[in-house]
Amino acid sequence: MLISFHLQGQIPLRDESILIGEVEIRAKSARHDYIGFKASHIDSSIILNYNQRTLADLISENSVIHIKTYGSGGLASPSFRGTGPGHTQITWNDINLNNPMVGQFDLSLVPAGFIDDVNIYYGGGSMGIHSGGFGGVINLETNPGWDDRELVYLNPAMGSFGRISGLVKVKAGSKDFHSVTKAFLRNSDNNFRYINSVSGPTPLLETRENSEVRQKGFIQEFYFRNSTSNISARMWYQSAARNLPVPIISPAMDPPEKQFDESLRAMLEYGSVRGITGLNATAAFISDRLNYTNRLASVDSRNLSKRIILKGRIERMINSMLRLELSLNDELNIINTNNYADIKSRNLFSADAVAEADLTHWLGGMILVRELVQDKRFLMPDFSAGTEIRPFREKYYFIRASFSKNSKIPTLNDMYWSPGGNPGLKNETGYSSEITWEMTSFPSGSLKIRNDFTIFRNNIKNMIQWHPGEYSYWEAANIGNIITSGLESGLDISYTLREFNASLNAGYSYTKAANAGQEAENTALYGKQLVYIPANNFNAVLRLNWHQFYSAISTGYTGKRYLTADNSQYLPPYSVSDLIFGTKLNTGHASFGLNMIIENIFNVSYQNIAYYPMPGRSFLVSIVFQLKK
Amino acid sequence: MRKALILIILPHLLSCVREFNPVIIGTDETYLAGEGVFILNEGNFRSGNGSLSFYSYDSLKMFNNVFQDKNNRPLGDVPYSMGMDGGKAYILVNNSGKIEVAGWNDMKSITTIKKIVSPRYISFIGGTKAYVTSLYSDSVTILDLTANSVSGFIDLKKSSEAIVTLSTRAYAASWAGGNKVMVINTMTDEVIDSIEVGIEPESMVIDKNGTLWVFCN
């Protein structure tokens, strides 16, 4: 948001000067930052400190989203506002990345250094990008960086537990053409030590086995622009070969379980603005391969999903207050796996209409209506509506309130997995409401304080759950009904004095997520907190920069997580802190830097998932070389 | 020197061990022996939340988490079956690859026999040894009940599930993808014959007339 404010009293006025009224210029920080909805932003200056770490690390330390993870290199999935990982949509420049088979996305596979910006849209505010995000949408953005002077960025690193990694970025081009190339490599043995007191009568100091990870990937992007339009072509490839460690309550397997993930994502996008009309069209192809082998159990699971996605959007300013938007989206999924009876395909078409109005300087609103068509079957329309009030004209205080009805289609595994899949599954339906208070103040020219406070409630009906079936296997059915509610609070403080800069970013969430359906009533499960949803989550990052030196210390607290539906077992809460510090020396067009990351600096023993120990204190040292124009 | 350091450091680390492992809330009163039935709860695969319950006929009371309550550690991942012999309970914990040996009247742990590949069922032979079947290995494990340790293996060349004994013969069903019951001479610990039955023989029982009944999927 760009804001200008009046400087009367600071600039002396001459007799012939003409005093004009205050002018305020506002713009959205992100494309889908609709009036009336909460959104947050992690920008490139923060992502820079996470170049050698994963998207899971970036999001867990810079938002109130809880990340459920099996540890370094292991599956990491997000949980927004008490909802499950399938209720969080991960998109790349508005294109959905969630695997259509499992409906989830593994955040541990994405190096944070590949991404330029992260925008998080909460609840109903996510519907402008994709449906099904009852908790929200995390949109990963890669941009041309037209004004960026960087040409080459090299960042090799090595660290504890056999970690060797590297990130390279190369940019080239002219005023109207840009080529951006990024590549990464990451190998880690993850052979950390931990105490095992559960597998026998005597506690033992053990070394984590079968936890190796080998990852690689690259992104190649081309951008073209002229005065009214732009074209981009992007391709993103990555692969990961992992050995899967077992819980410490089981002996290490020989040979170990193995998983191979490989993704290819290609995207062509066209955008133009002519007068008061904007047009955007995107075509994307995504291929995801996941092979899992367990030789001991004679399991060789091979899964290949392919998607073709077409999106078109037209928006027009009707007048100074009203903007209309119309979008059409089509997604074709084709799945080839030895876990279904045969090859399955599904086509999803949706049409959205959005009206967004800035009615007065203190009141605005937005409404979105969406119709989904699944394989020629029309579904009940979804909608979201939000309003924004600015009670004091001279202050940056906002009240936002919204309500939405959202749908999530069943995953293809829920429908076709053999055995147990159910082709007759209905969509899950989520009703979300929230109210947010946000204020930004500038006590002095050097100090900025932003604070927000949100109360939310979600009711998810017809939730798909797997349950013991009539035969000896489990089956999928629409039997769940959950209610999640709670509050979120964020605080951002930044202070700048000459060469010194300090910032504090903190967030807290309280979430109550419980079974609420008829089948749970009068049972031991009714009203009990859902498994692996912490009621309390807190994080804070303090950054201090002075001249060429920089540092950041982050602390995260994760509350108690229940392990059983009747809440008879739980994992204790824990708090983990990380420290980053480094320096950068500039010499003309080049700069050299040295960076150190200490994760879990207080060497806390903890588990994010039961019986999967997390690493203790670990170190990562990297050097940075940059060449600029 | 390194081992000495571990012995010095480990006790200090143990004081915080229970802080990060899963915690069970409100375990029941201590299990008391008597007339009743043991119930093994497998739990969820890979969640390590298997447990042992005891329903007392005397008090009509259910005692849950009996093993963990007595031994301050979890039973393991997928406790699958249990056998009693010589005043001891042998709990086969399938996905933890172990057998917990405990006193049957108090469930206090006597020892843990580890490194058993996917144990399924146990059959006691003459009070001195036992045979343990396996889902993922092609052998039946021989246990020395005096030493509470593994004393050998019988190569079936196929996996095994249910096992029953009669006189000097043990009968092991090859369930996973099989159609045979293997016959073992318990005097020599050798496979001497096989009986072809229906697809996937899963459970067996010998009746009072010495007839072997095999239930196939």
Side-chain angles (χ1 to χ4, degrees), chain A residues 70 193-206 244-254 257 294-299 466 471-472 474 528 531-532 560-576 603-614 616, chain B residues 2-3 5-7 9-11 13-14 16-27 43-51 64-65 68 71-78 93-98 100-102 108-118 135-137 159 176-177 202 217:
Chain A
Y70 283 82
R193 308 208 80 181
Y194 61 94
I195 297 172
N196 186 344
S197 64
V198 295
S199 62
T202 307
L204 298 168
L205 195 60
E206 296 182 342
L244 305 181
V246 295
I248 59 173
I249 205 143
S250 301
M253 291 177 66
D254 182 22
E257 296 168 276
N294 181 338
R295 280 172 51 190
L296 209 56
S298 302
V299 174
W466 286 69
Y471 306 100
S472 61
W474 286 43
K528 295 291 169 61
V531 295
Y532 281 111
K560 180 190 291 186
R561 287 133 299 139
Y562 291 104
L563 302 176
T564 54
D566 64 354
N567 290 177
S568 61
Q569 293 187 33
Y570 67 88
L571 271 175
Y574 63 87
S575 179
V576 176
N603 204 26
V604 171
S605 295
Y606 70 104
Q607 295 172 8
N608 188 296
I609 291 180
Y611 303 117
Y612 281 83
M614 299 293 277
Chain B
R2 192 175 174 185
K3 285 183 181 175
L5 275 173
I6 291 172
L7 288 173
I9 296 167
L10 196 56
L13 297 174
L14 291 181
C16 60
V17 151
R18 215 177 301 165
E19 293 176 359
F20 60 86
N21 283 313
V23 176
I24 293 183
I25 299 171
T27 52
N44 301 100
F45 181 63
R46 289 278 175 89
S47 295
N49 58 356
S51 68
N64 291 317
N65 296 302
Q68 177 148 356
N71 300 288
N72 290 322
R73 60 182 173 89
L75 179 55
D77 199 41
V78 190
V93 191
N94 174 241
N95 205 46
S96 289
K98 65 176 180 177
E100 291 285 356
V101 185
K108 179 83 175 149
S109 175
I110 296 170
T111 190
T112 304
I113 306 172
K114 293 185 180 182
K115 296 185 180 177
I116 301 183
V117 178
S118 189
L135 178 62
Y136 289 153
S137 92
S159 66
E202 188 176 352
N217 283 345

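Nothing here was measured: the structure is a model prediction, and the numbers come from that model. Chain naming here is simple, since letters A, B, ... match the order of the sequence lines and numbering starts at 1 in each.
Side-chain atoms of Q569(A) and N49(B) include no donor-acceptor pair closer than 3.5 Å. Counted by atom type alone, R73(B) and S199(A) present zero donor-acceptor pairs between their side chains at under 3.5 Å.
Under the ring pair (Phe, Tyr, Trp, His ring centres under 6.0 Å) criterion, Y606(A) pairs with Y574(A), not counting sequence neighbours. Residues that satisfy the side chain to side chain donor-acceptor pair (under 3.5 Å) test with S159(B), not counting sequence neighbours, are absent from this structure.
Heavy atoms of M253(A) lying under 4.5 Å from chain B belong exclusively to its side chain. Proximity to chain B is limited to the backbone of N567(A), based on heavy atoms less than 4.5 angstrom apart. Residue T564(A) touches chain B through its side chain alone, counting heavy-atom pairs closer than 4.5 Å. Of the two parts of N95(B), the backbone and the side chain both hold a non-hydrogen atom closer than 4.5 Å to a non-hydrogen atom of chain A. In this structure, the portion of K114(B) lying under 4.5 Å from any heavy atom of chain A is its side chain and not its backbone. Residue contact with chain B, scored on non-hydrogen atoms closer than 4.5 Å, involves the side chain of Y562(A) exclusively.
The closest side-chain heavy-atom distance from K98(B) to I113(B) is not below 4.5 Å.
With chain A as the partner, the residue from V93(B), D77(B), T111(B) showing the most heavy-atom pairs under 4.5 Å is D77(B).
Using a 4.0 Å cut-off between a side-chain N of Lys or Arg and a carboxylate O of Asp or Glu, E257(A) and R46(B) qualify as a salt bridge.
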